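As the structure is a computational prediction, the values presented were derived from the model and not from experiment. First the proteins, then the strands, lettered A, B, ... as listed; each starts at 1.
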Amino acid sequence: VKLAVSQSAGQGSIVVVNAMEGEPASSKDQVLFTRSPHLVLDGAQYLATLCGGDRVVICVPNGRVAVVAAVRHAMQERRAQRYVRVREELVFPPDRFIAGEESALANWLESARSAPVFRPDKGIPLRIGKRPALVHNAETLAHIALIARYGPGPFRARGMAEDPGTCLVTLSGAVTHSGVVEVDKGTPLWDIAQRSQPVEPIQALLVGGYGGTWVAPAHFRTPYASIPLRTIGATAGVGVIVALGETSCGLAESARVARYLAGESAGQCGPCAFGLPAIADDLTRLARGEGDDGLLPRLERRLHQVNGRGGCRHPDGAVALVRSALAVFASDLAAHGRGAPCSSWRKPTVLRFPRPIGLGG
Amino acid sequence: VFFLAQAHRSPLSTPDRIGRLRDLRITIDPVACDAYGYCSEILPEMIGLDEWGYPVIRDGPLDKDLVAMARRAARDCPKRAFTLREKRVN
């Protein structure tokens, strides 16, 4: 079943519960921990027991008050009931986008440096000190707990035969009801998006989060599961779907995301530290209709230069987002390129950011 | 099986004790790299620079004649970011 994810780690391993949720458009970790913290913690306990682990470390960003309170309360309940087999501890890494990247998390736990580590071979398990670290996100652990409790039957009964189960998706954008929903894997994108009740016709969906991809209406029937999404160049990513209404400017929104991601680079690798701001500048110029003939080729060259050249995959996510924007908003791109930007690039963003992201002017 | 494997050998592949083939590959740790650019000076055949001066490794196997220079690039890298690794081929 899905427990194949629990890599054979050996004795003395540490189970790391990744509740960092650095993605501004996602709130599934918050929902899981405030609604059913014991489910996630049980999953971590089960995994630790299964692979000889003797520590469960729960990582919640410094300052996420609601989540911290929920986890603390749950941990107290568990201790009071003498329910815990493997020691649980709660820690607070910095609240940054990149802090939740799994090697950054392991690095912070080991050396208090919250930055990703270059790993030429991703097959080698992460380590904290000499001990293997199993970093899993809260949702995976919740699924593991349910499978451990009820067996694989109920899990397999949902979703698709080749990709079973359900998943949590955070919906937002030009919608009435933003929030987290649980859907069967394989549900068409549009059916998921409709649950948030769009307030206007939707011109594109941002699938997978800020390091994800824009999806055009032609692909709105695509099943939400890894293989069908891959065929249209998308991924489920961090489980986010943002609906972009027709009165928004896709290029301007993408430029804001690119700017945000550039600011969230750990600044360790040149291609990411210099490349992402340069890409954000180019896209901002395009969105403002200030481009010249050389701008688009330069942007494409930079996307090619940056892709795959960081120590982690942060820059690759930014490149994927911008590439998908250039494809999905191609007609806007032509209009903006003629120096006639749409009237809506100045419109306030429908995206969520932890700080204001301006496009100048 | 060994002869079949030999047919795919690149000039640098050397079988190890139990007959697995390994290729030398250049790896640059982008976290460590600070764009000194020595590698591209020493080994321009394999290393280009992007517009910010960071190395871009060209595709394809490392040619036999370049191994000595590649080792020198690895030795001279001030940040020890440039390494040669053996990578399994088969």
**OP:** Look at atom CD of Glu41(B) and say whether more than 12 heavy atoms of other residues, nucleotides or ligands are closer to it than 6.0 Å.
**Re:** no

**OP:** Mind listing the closest non-hydrogen atom pair of Pro30(B) and Gly311(A) along with its distance?
**Re:** CG-N, 3.3 Å

Original post:
Which atom names give the shortest non-hydrogen contact between Asp50(B) and Pro271(A), and what distance separates them?
Top reply: OD2-CG, 4.2 Å

**OP:** Provide the closest heavy-atom pair for Thr27(B) versus Pro120(A) in the form atom of the first, atom of the second, distance.
**Re:** CG2-CB, 4.3 Å

Original post:
Heavy-atom count around Arg313(A) CZ within 6.0 Å, excluding the residue itself: above 12?
Top reply: no

Subject >> Gap separating the CD1 atom of Ile57(B) from the CZ atom of Arg309(A), nearest 0.5 angstrom >> reply: 8.5 Å

Original post:
Out of curiosity, Gln305(A) CD to Tyr54(B) OH, how far, rounded to the nearest 0.5 Å?
Top reply: 13.0 Å

Original post:
What part of Arg119(A) lies closer than 4.5 angstrom to a heavy atom of chain B: side chain, backbone, both or neither?
Top reply: neither

**OP:** Could you tell me which portion of Ile28(B) (side chain, backbone, both or neither) has an atom closer than 4.5 angstrom to a non-hydrogen atom of chain A?
**Re:** backbone

Original post:
How many angstroms lie between CH2 in Trp52(B) and SG in Cys269(A), if you round to the nearest 0.5 Å?
Top reply: 13.0 Å

Original post:
Does a sphere of radius 6.0 Å around OH in Tyr38(B) hold more than 12 heavy atoms from other residues, nucleotides or ligands, not counting ones at 6.0 Å or beyond?
Top reply: no

**OP:** Taking atom CG of Asp293(A) as the centre, report whether more than 12 heavy atoms of other residues, nucleotides or ligands fall under 6.0 Å from it.
**Re:** no

**OP:** Sort Ala115(A) into side chain, backbone, both or neither according to what part of it lies under 4.5 angstrom from a heavy atom of chain B.
**Re:** neither

Subject >> Option that, when pairs with chain B are counted at under 4.5 Å, heavy atom only, ranks first among Gly270(A), Gly310(A), Ala273(A), Gly275(A) >> reply: Gly270(A)

